[in-house]
Amino acid sequence: MGTLYIVPTPIGHLEDITLRALRVLREARLIAAEDTRITRKLLTRYEIGTPLTSYHEHNKLSKLEAIFDALAQGDVALVSDAGTPGISDPGFELIQEALARGVTVVPLPGPSAAIAALVGSGLPSDRFLFVGFLPRKAAALRDALLELAPLRATLIAYESPNRLVATLAAARNVLGDRPAVVARELSKLHEELRRGTLDDLADHFRDNPPRGEITLVIGGATEAPAGEMWDEAGVRRALADRLAQGESRSAAARALAEVSGWNRRDVYNLDLD
Ligand code: SAM
């Protein structure tokens, strides 16, 4: 039985691939790639002729047997279009199934936009939470942010350029005007790490609509560590936000009581100007 190697690939700059990743790609019996056309460009650049097969969101279950047939004969390398497979990219099901079948799984360290953005942001990196892509719908986004609000951990999210301003504004409403960083086009020609508060960044990108790939990093809670009570300003802001979205006061009070440590009645009775 071969080994399943998880192989990170560049998120922009083609030189961001390790010598070990190149050797594993060269020596594997098969490369399972999210998009074979994208991976073929990388392989061509490094003169690697290993056979490719597709493994993506829509065939990730039906493709399993073909990949395990290849593993029975030798090593398989799993790659996604960019960065680390399994991080907001296909890979999780294959890795789980490989482990269930007793296949050795070897993860290679390498590029991931989340980690590059975090360490470049200058925000605390000793405790962080990667949340992938936040929900698109306003109500679901607000609920997700409310859940994140009390966490004393730097938050990292992937975001699309056309949703960035809406997400920054929603985050500002729920989390307050925290420090944040928009990491755009990391490792590419137009790389930008713009630092400020959520308000600053929303203003800037409203006036200068962003392009390219974006990772958003937001400072964690400083006043209300997980499990402790939110301060009154935070509860007021969250209540006002929910009411403005059309939620009833009783539903908003019930939801906020679950995350804020406040009693439902006290939230309900808060006087909002
Ligand atoms: N697996 C990848 C990784 O480890 O970084 C992430 C894949 S996810 C489908 C793609 C998202 O990652 C993009 O929409 C963007 O939010 C973020 N991203 C990818 N490349 C980036 C870059 N060069 N700069 C900033 N963010 C990037």
Side-chain angles (χ1 to χ4, degrees), residues 10-13 16 38 80-84 87-89 111-125 127-224 233-234 236-246:
I11 57 168
H13 201 304
D16 290 336
I38 290 178
S80 59
D81 291 352
T84 300
I87 303 297
S88 295
D89 266 344
S112 186
I115 296 298
L118 171 70
V119 294
S121 72
L123 294 169
S125 53
R127 194 196 289 208
F128 60 87
L129 181 68
F130 170 68
V131 298
F133 289 93
L134 286 164
R136 285 159 177 248
K137 295 212 168 116
L141 174 60
R142 200 180 60 243
D143 285 346
L145 289 166
L146 276 170
E147 232 178 84
L148 300 173
L151 303 183
R152 210 171 46 167
T154 300
L155 307 172
I156 311 168
Y158 289 153
E159 194 46 275
S160 77
N162 56 344
R163 294 218 20 90
L164 178 67
V165 171
T167 298
L168 289 168
R172 194 265 176 259
N173 280 341
V174 178
L175 307 177
D177 198 16
R178 296 189 186 178
V181 176
V182 171
R184 200 172 63 81
E185 295 286 87
L186 289 168
S187 80
K188 302 188 200 177
L189 188 60
H190 298 292
E191 174 174 286
E192 175 186 31
L193 284 118
R194 182 162 287 273
R195 301 172 178 85
T197 66
L198 289 166
D199 264 345
D200 298 336
L201 293 169
D203 286 349
H204 172 81
F205 286 108
R206 203 172 281 119
D207 295 342
N208 305 276
R211 296 169 69 165
E213 297 199 278
I214 288 172
T215 301
L216 174 60
V217 187
I218 304 176
T222 50
E223 291 170 10
R236 274 178 193 281
R237 214 167 28 238
L239 179 62
D241 183 53
R242 281 182 174 257
L243 297 181
Q245 300 286 337

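These numbers come from a predicted model, not from an experiment.
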Trainee: Can you tell if the side chain of L216 reaches within under 4.5 Å of the side chain of V181, non-hydrogen atoms only?
Mentor: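 Of all side-chain heavy-atom pairs linking V181 with L216, none is under 4.5 Å.
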Trainee: Please say whether more than 12 non-hydrogen atoms of neighbouring residues, nucleotides or ligands are located less than 6.0 Å from CD in E192.
Mentor: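 For E192, atom CD is crowded (more than 12 foreign heavy atoms under 6.0 Å).
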Trainee: Supply the atom-to-atom distance S121 OG to I218 CD1, rounded to the nearest 0.5 angstrom.
Mentor: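 CD1 of I218 is found 11.0 Å from OG of S121.
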Trainee: Among residues at least two apart in sequence or on other chains, which ones pass ring-ring contact (aromatic ring centres under 6.0 Å, His included) with F205?
Mentor: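 For F205, no residue satisfies ring-ring contact (aromatic ring centres under 6.0 Å, His included) once neighbours in sequence are set aside.
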Trainee: Any side-chain heavy atom of K188 sitting closer than 4.5 Å to one from E213?
Mentor: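 Counting from C-beta outward, K188 and E213 do come under 4.5 Å.
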Trainee: Which atoms form the tightest heavy-atom contact between S80 and G83, and what is the distance?
Mentor: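 It is OG-O, 3.7 Å.
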Trainee: Shortest non-hydrogen contact from D16 to S187?
Mentor: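 In this case the closest contact between D16 and S187 is OD2-CB, 3.6 Å.
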Trainee: We want to know whether H190 and R184 form a side-chain donor-acceptor pair, criterion being a heavy-atom distance below 3.5 angstrom.
Mentor: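 Judged by distance alone, the side chains do not pair up.
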Trainee: Quick one, R236 and L239 - any side-chain contact, counting heavy atoms below 4.5 Å?
Mentor: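 No - every pair of side-chain heavy atoms lies 4.5 Å or more apart.
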Trainee: Do V182 and L164 have side chains that approach each other closer than 4.5 Å (heavy atoms only, starting at C-beta)?
Mentor: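 Yes. Closest side-chain heavy atoms under 4.5 Å.
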Trainee: Taking the side chain as every heavy atom from C-beta outward, state whether R195 and L193 have any atom pair closer than 4.5 Å.
Mentor: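 Touching, per the 4.5 Å side-chain cut-off.
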Trainee: If I compare all heavy atoms of P161 with all of G212, which pair ends up nearest, and what's the gap?
Mentor: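 The answer is CG-O, 3.2 Å.
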Trainee: Can you check whether I87 reaches Y158 side chain to side chain, under 4.5 Å on heavy atoms?
Mentor: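 I87 vs Y158: side chains touch.
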Trainee: Restricting to non-hydrogen atoms, name the atom on S88 and the atom on G132 that form the minimum distance, rounded to 0.1 Å.
Mentor: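 For S88 versus G132, the nearest heavy atoms are OG-CA, 3.7 Å.
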Trainee: Does L155 form a side-chain contact (heavy atoms from CB on, under 4.5 Å) with V217? I'd like the steps, not just the answer.
Mentor: CA-CA 6 Å; L155 307 172; V217 187; over 6 Å; no
Trainee: Considering all heavy atoms of both residues, which atom of V174 and which atom of R142 are nearest to each other, and what is their separation?
Mentor: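 Smallest interatomic distance, heavy atoms only, reads CG2-CG, 3.8 Å.
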Trainee: How far apart are the C-alpha atoms of V131 and I156, what are their side-chain angles, what is the distance that settles it, and do they pass the side-chain contact (heavy atoms from CB on, under 4.5 Å) test?
Mentor: CA-CA 6 Å; V131 298; I156 311 168; over 6 Å; no
Trainee: Where is the tightest heavy-atom contact between T84 and P111, given as atom of each residue plus distance?
Mentor: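 It is OG1-O, 2.8 Å.
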Trainee: Kindly say whether P124 contributes a backbone atom to a donor-acceptor pair with the side chain of R127 at under 3.5 angstrom?
Mentor: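 No; zero donor-acceptor contacts below 3.5 Å.
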Trainee: Decide yes or no for L201 and R194: does some side-chain heavy atom of the first lie under 4.5 Å from some side-chain heavy atom of the second?
Mentor: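 Yes - at least one pair of side-chain heavy atoms lies under 4.5 Å apart.
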Trainee: Measure the spacing between CG of D200 and CG of D177 and express it to the nearest 0.5 Å.
Mentor: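 Between D200 CG and D177 CG, I get 6.5 Å after rounding to 0.5 Å.
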Trainee: Return the CG to OG1 distance between L134 and T167, rounded to the nearest 0.5 Å.
Mentor: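 Output value for this atom pair is 6.5 Å.
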Trainee: Supply the atom-to-atom distance N173 CG to L145 CG, rounded to the nearest 0.5 angstrom.
Mentor: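 Atom-to-atom, N173:CG and L145:CG are 9.5 Å apart.
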Trainee: What distance separates I38 CD1 from D81 CG, expressed to the nearest 0.5 Å?
Mentor: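 The CD1 atom of I38 sits 3.5 Å away from the CG atom of D81.
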Trainee: Begin from the C-alpha positions of L141 and R163 and carry the test side-chain contact (heavy atoms from CB on, under 4.5 Å) through to its verdict.
Mentor: CA-CA 12 Å; L141 174 60; R163 294 218 20 90; 3.9 Å; yes
Trainee: Taking the basic N atoms (NZ, or NE/NH1/NH2) and the acidic carboxylate oxygens, is any pair closer than 4.0 Å for R211 and E185?
Mentor: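 Here R211 does not pair with E185 in a salt bridge, since their nearest N and O are not under 4.0 Å apart.
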Trainee: Less than 4.5 Å apart, side chain to side chain, heavy atoms only: is that true for L123 and L118?
Mentor: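 SC-SC contact between L123 and L118 ruled out.
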Trainee: Looking only at the side chains, is there a donor atom on one of D199 and T197 sitting less than 3.5 Å from an acceptor on the other?
Mentor: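 No, T197 and D199 have no side-chain donor paired with an acceptor closer than 3.5 Å.
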Trainee: Taking only Lys NZ, Arg NE, NH1 and NH2, and the carboxylate oxygens of Asp or Glu, determine whether R242 and D143 approach each other closer than 4.0 Å.
Mentor: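 Looking at R242 and D143, the cut-off is met.
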Trainee: In Å and rounded to the nearest 0.5 Å, what is the CZ to CD distance from R136 to E159?
Mentor: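 Reported value, rounded in 0.5 Å steps: 8.0 Å.
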